[in-house]
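For reference, the structure is listed below as structure tokens.
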Amino acid sequence: MTQSIAPLSAPRPAVPLSRPRRILRAVAVVSCLPYLGLKAAWIAGSHVGIPEGSALLDDRVGMAVINGLSVLLDSAVIVLALVLTRPWGLKVPAWLLSLPVWVATGLLAPIMTGFPAQLAVRAFGGGAAPDQGHDSFLRPWVFTVVYTGFILQGIALGALFVLYARDRWGHLWRGRVWELPVGVVGPAHRALAVAAAVLALPPLTVHLLWACGVTAGLSEGRAADRTADFYVLEAVYVLFLVAAVAGGFLLAFRRGRALPVAVPLGLAWVGSGAVACWGGWLSLASLGGVEDIADRPTPLMSLAYAGQMLVGFLVAAIGAYYFAERSARAARRAA
């Protein structure tokens, strides 16, 4: 069995800012504006898009803090769009760029998958329960405007990062899985992959049960508010948990040997980001004060969120270890 991979060469020099990249950058920036405008209005005290009696109005201080944090997160998309399209962006340390892009990928990917799926379910007759729905929380148009903006951000930022990564790091994922040197996929990878698979079982099981209609482990309020959107969202969590574990397993054990290396890396990148970031976000939200005890997350819900967050970090560690190994090999060959 060969222990070498396609020759590693130095990254190609920066390419001129093409028209497609300019368009993608503009789309990324403009698609942030509706969301940032709404959040700024809410922080300032406006109730635009929020109906009377909404739970969002119960804790104004908490709402201001959460909205301020989400403004910072979405503003980062604009910064990233500039980094990915300016010459000085190629000089940014790899970890300093990769981490926020990984977080952005993790937060946006489930929305890009789940929101169109929810619309499709509604189009085929699925929808909110007769006495429930988003209207008691936010006006329906808010979800449409915000999620459409998120999808555009995800498409534009994702395309820009792929182009940037191809120019800067494309030499690190050449070849197929079976060609990977043993030193690049050693015991550390396999141990992390096994740990991720084991830890994924509890959250994967509960999300799958909730997607199938089981209410065990859900808070009373969450169980009562279930709609078709809830079931789609739970199915999306299952999908990304499977993607994360599969990506880590394929890479660590060199399965799917004929696959391009980019396939397990892509699964690991997107899957780990989605489960880690949403697990972290939901865990953070569960720490906030909820006056109605029926709406407080149950211990099982908190464990599911924490479990999927840990799975995401473990799979991300596999990817980080992979790139560190291959970068070191490339540097030694170039020396």
Side-chain angles (χ1 to χ4, degrees), residues 23-84 100-101 103-119 122 127-128 132-158 160 221-222 225 227 229-230 232-233 236 274 277-278 280-292 295-297:
I23 294 174
L24 288 169
R25 182 176 63 187
V27 170
V29 173
V30 172
S31 60
C32 293
L33 299 182
Y35 183 78
L36 293 176
L38 273 173
K39 291 293 184 176
W42 292 343
I43 292 173
S46 173
H47 294 175
V48 59
I50 306 176
E52 292 297 327
S54 171
L56 291 175
L57 302 177
D58 295 340
D59 183 5
R60 297 183 184 277
V61 174
M63 180 181 174
V65 172
I66 293 296
N67 284 332
L69 178 60
S70 54
V71 164
L72 290 176
L73 288 174
D74 206 49
S75 298
V77 172
I78 298 176
V79 176
L80 289 173
L82 294 175
V83 172
L84 295 173
V101 173
V103 171
T105 301
L107 292 175
L108 293 173
I111 294 174
M112 296 172 66
T113 305
F115 187 58
Q118 290 172 341
L119 294 179
R122 294 176 201 169
Q132 300 292 335
H134 292 315
D135 214 17
S136 61
F137 183 67
L138 282 172
R139 300 297 185 192
W141 65 263
V142 174
F143 291 92
T144 302
V145 170
V146 169
Y147 287 168
T148 299
F150 284 160
I151 291 173
L152 291 174
Q153 290 173 37
I155 293 173
L157 195 64
L160 285 173
R222 192 62 171 149
D225 290 342
T227 65
D229 288 353
F230 169 85
V232 170
L233 187 59
V236 167
C277 295
W278 275 98
W281 181 260
L282 292 171
S283 296
L284 180 63
S286 68
L287 297 177
V290 180
E291 294 184 2
D292 191 345
D295 292 330
R296 293 176 184 172

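Along the sequence shown, the residues carry numbers beginning at 1.
Contact check for Gln153 versus Asp74: side-chain heavy atoms found under the 4.5 Å cut-off. Inter-residue side-chain proximity for Ile151 and Pro116 is flagged as met; some heavy-atom pair is nearer than 4.5 Å. Residues Leu69 and Trp281 meet the side-chain proximity criterion, which asks for heavy atoms closer than 4.5 Å. When side chains are defined from C-beta on, Leu157 counts as touching Leu84, because their heavy atoms get closer than 4.5 Å. Residues Asp225 and Phe230 form no side-chain contact, since every pair of their non-hydrogen atoms from C-beta on lies 4.5 Å or further apart. By the 4.5 Å heavy-atom criterion applied to side chains, Asp229 and Arg122 are counted as neighbours.
In this structure, CD1 in Ile66 is found 8.5 Å from NZ in Lys39, a value given to the nearest 0.5 Å. To the nearest 0.5 angstrom, Arg25 atom CZ is 13.5 Å from Leu80 atom CG. Atoms CD and OG1, on Gln118 and Thr113 in that order, are 11.0 Å from each other to the nearest 0.5 Å. Atom CD1 of residue Ile23 and atom CG of residue Leu160 lie 11.0 Å apart, to the nearest 0.5 angstrom.
A pairwise comparison of heavy atoms in Leu152 and Ser31 identifies CB-CB, 3.8 Å as the closest pair. Between Trp278 and Leu107 the shortest heavy-atom distance is NE1-O, 3.1 Å. Contact record, Ala64 with Ile43: O-CG1, 4.4 Å, taken as the closest heavy-atom pair. Residues Thr105 and Pro110 share a closest heavy-atom pair of O-CD, 4.4 Å. When all heavy atoms of Gly49 and Trp141 are compared, the pair lying nearest together is CA-CZ2, 3.5 Å. When all heavy atoms are compared, the tightest approach of Ala81 to Ala28 is CB-CB, 4.0 Å.
The backbone N or O of Met63 lies less than 3.5 Å from a partner atom in the side chain of Asn67, making a donor-acceptor pair. Of the possible donor and acceptor atoms, none in the side chain of Trp42 sits under 3.5 Å from a partner among the backbone N and O of His47.
Between Phe115 and Tyr147, the ring planes lie perpendicular to each other; the angle is over 60°, past the 30° to 60° tilted range.
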Problem set entry | Steps toward side chain to side chain contact (heavy atoms under 4.5 Å, CB included) verdict (Ile78, Leu36) | CA-CA 11 Å; Ile78 298 176; Leu36 293 176; 4.1 Å; yes
